[in-house]
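The figures that follow rest on heavy atoms only: side chains count, while hydrogens, waters and symmetry mates do not.
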Amino acid sequence: MSTTALPRDTAPTGATGAKPSPEIVPRLALTLMAAGAAAVLGAWWHATDSVVGAAGWLDGAGRITGLLAGYTAPVLLLLMARIPLLEHRVGSDRLARWHALCGRYMIFLVSVHIVTIIWGYALTDGKGVVSEGVDIVFHYPDMIKGSLATLLLFGTGIVSARVARRKLRYETWYYLHLATYLAIALAFSHQIANGADLSVQPEQTLWSAYYVLAALVLGWYRLWMPYVRDRRHQLRVHSIVPEGPGVYSVILKGERLEDLNARPGQFFRLQFQTRSLRWVANPYSLSAAPHPNFLRFTIKNLGDHSAAVAKLRPGTKVRAEGPYGAFTEDKARLPQVLLIAAGVGITPIRALFETLPGRLTLLYRAGSDREIIFRDELEDIARDRGARLVYLVGSRRRHGKTLTPRGLMNLVPELKAHDVYLCGPEPMQQAVIAALRGAGVPGSHIHHESFEF
């Protein structure tokens, strides 16, 4: 029996009851974002008497794209503000994808804004484009700030590109990404000083209130609430236990942890209060159902941060942001559930295997017997719950036909009648999702959450 198992109760095995659609909140969030963009276009319409000639059309395009870029900036902040409703109902990985998409959209809008405004003003003034651009930057109010904001924004976009992200340590990317906050602050003063559409009321007041509200929400959930929870729960490292090659469990002890309302499948962003680790909060999943006094996280050594965590001493203070994520039992709609895990992806799956209601099957993919973690715990849970546990051990070539549409249907009878929870390396997840869809499993029945954001 593993020495890291926390106290647990056997979960109910009955069918799940009727639940509201988990897509209600995501759809509402997207609707609100679209409504905000429409309101921005309304502000331009209200402030524009007419559009005449090529210069007028270019100026209009510049004003619209500038307004939309300015509207998108607080949206970027709110998507990453750790708002509990969005984190629990939309999911952190989907929010991160929306954030990345909005970031690319904003860079495109800013680029078009710069080109059309300079070009339009050049036509109006009868000057060259370059000469007009220099004049705007150095002679218009707050344009130095606006130009610096643009450079910071483009720089953040470059380091956030997928190719660049793969070459940067997470900690490096994290610090560079903070430049976004400075860019947005600098851009706001430029918008108020130069935005013709924001020089009238009530647009100027509403625009300022929108930015202030976004800043307050960000400060509340990213700074104040973590501070309050840190004081309330007093989390510290209780023990660190090896689980397998390069894999270990970090058990945290604290006070009144039931008040966190953490759920199996969720994760926390942990800041270990040591000189080298205190400035970065990395995401780690719960690997056991939460306990009133303990939380367990299982970590694989993938870099400097995780390697340093393995050397922490008992008693080290820990600041925890969370719980986050929508990878919970709320996703399940059917009485039969298939869990698929690969490598350290077993971490949240193990917690769900312990607690998910319904008839469960767990497929656990590992390269070798030595790489199987939680073996004793998983087999105890399977026995207690009457669940099915299948190890897929060996090379990719050996199991290449197993994780295919036909292989999955042979392995899991009535596959289409299952909810599927999936966690593992991103390439494996995408391959298995394609296989599940090829086997006829609806996309709404496939649940996964990625930490590659």
Side-chain angles (χ1 to χ4, degrees), residues 33 36-48 50-77 79 99-161 163-164 176-200 203-204 207-208 210-211 214:
M33 285 189 279
V40 167
L41 293 177
W44 172 79
W45 184 268
H46 177 257
T48 303
S50 62
V51 178
V52 179
W57 283 106
L58 287 168
D59 180 60
R63 287 164 56 191
I64 290 173
T65 51
L67 285 170
L68 288 174
Y71 165 73
T72 303
V75 171
L76 286 173
L77 300 183
L79 289 174
H99 176 82
L101 182 61
C102 284
R104 291 191 289 270
Y105 171 67
M106 186 167 72
I107 289 175
F108 168 76
L109 289 171
V110 170
S111 301
V112 175
H113 168 71
I114 293 171
V115 171
T116 52
I117 283 292
I118 294 176
W119 193 358
Y121 280 24
L123 289 178
T124 300
D125 296 339
K127 298 169 61 176
V129 171
V130 174
S131 175
E132 186 68 40
V134 172
D135 187 52
I136 289 174
V137 169
F138 291 102
H139 296 97
Y140 279 61
D142 282 316
M143 273 307 305
I144 296 293
K145 293 180 181 178
S147 300
L148 181 58
T150 300
L151 293 174
L152 288 172
L153 181 64
F154 286 171
T156 303
I158 291 171
V159 301
S160 298
V163 173
L176 291 174
H177 205 70
L178 293 178
T180 303
Y181 298 113
L182 178 58
I184 291 173
L186 292 171
F188 173 73
S189 62
H190 155 64
Q191 294 161 24
I192 295 299
N194 301 114
D197 306 286
L198 302 178
S199 63
V200 296
E203 282 82 352
Q204 187 178 93
W207 194 263
S208 299
Y210 171 49
Y211 269 73

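Of the inter-residue distances, the one linking Thr150 atom OG1 with Ile107 atom CD1 reads 10.5 Å to the nearest 0.5 angstrom. Note that CD1 of Ile64 and CH2 of Trp44 are 4.0 Å apart. Values are rounded to the nearest 0.5 Å. Expressed to the nearest 0.5 Å, how far CD1 of Ile192 lies from OG of Ser208 amounts to 4.0 Å. Once rounded to the nearest 0.5 Å, the distance linking CG of Leu76 with OH of Tyr105 reads 11.0 Å.
Checked against side-chain hydrogen bond (donor to acceptor under 3.5 Å, both in side chains), Tyr210 has no partners two or more places apart in sequence or in another chain. Judged as a side-chain contact (heavy atoms from CB on, under 4.5 Å), and not counting sequence neighbours, Leu151 has no contacts. Checked against side-chain hydrogen bond (donor to acceptor under 3.5 Å, both in side chains), Glu203 has the following partners two or more places apart in sequence or in another chain: His46.
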Acceptor/donor pairs from residues 112-127 side chains to any protein atom, 3.5 angstrom cut, sequence neighbours excluded:
unit_1 : atom_1 : unit_2 : atom_2 : d
His113 : ND1    : Gly62  : O      : 2.6
Thr116 : OG1    : Gly62  : N      : 3.3
Thr116 : OG1    : Val112 : O      : 2.7
Thr116 : OG1    : His113 : O      : 3.3
Thr124 : OG1    : Gly120 : O      : 3.1

Going by atom type alone, with no hydrogens or angles, which donor-acceptor pairs under 3.5 Å involve a side-chain atom of residues 179-190 and a protein atom two or more places apart or on another chain?
unit_1 : atom_1 : unit_2 : atom_2 : d
Thr180 : OG1    : His177 : O      : 3.0
Ser189 : OG     : Leu186 : O      : 2.9
His190 : ND1    : Asn194 : OD1    : 2.8

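Residue-environment remark: CZ (Phe108) stays at or below the threshold of 12 foreign heavy atoms within 6.0 Å.
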Practice item. Under the side chain to side chain contact (heavy atoms under 4.5 Å, CB included) rule, what do Met143 and Phe138 come out as? Steps first, then yes or no, please. Key: CA-CA 7 Å; Met143 273 307 305; Phe138 291 102; over 6 Å; no

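The side-chain hydrogen bond (donor to acceptor under 3.5 Å, both in side chains) pairs that include a residue from residues 61-77 are Thr48-Arg63, Arg63-Asp197, where partners are two or more places apart or lie in different chains. Applying the salt bridge (Lys or Arg N to Asp or Glu O under 4.0 Å) test to pairs two or more places apart or on separate chains, those with a residue in residues 143-157 are Asp142-Lys145.
Closest approach of Leu68 to Ala37, counting heavy atoms only: CD2-O, 4.0 Å. The minimum heavy-atom distance between Trp207 and Gly70, with the atom names listed, is CZ2-C, 3.5 Å.
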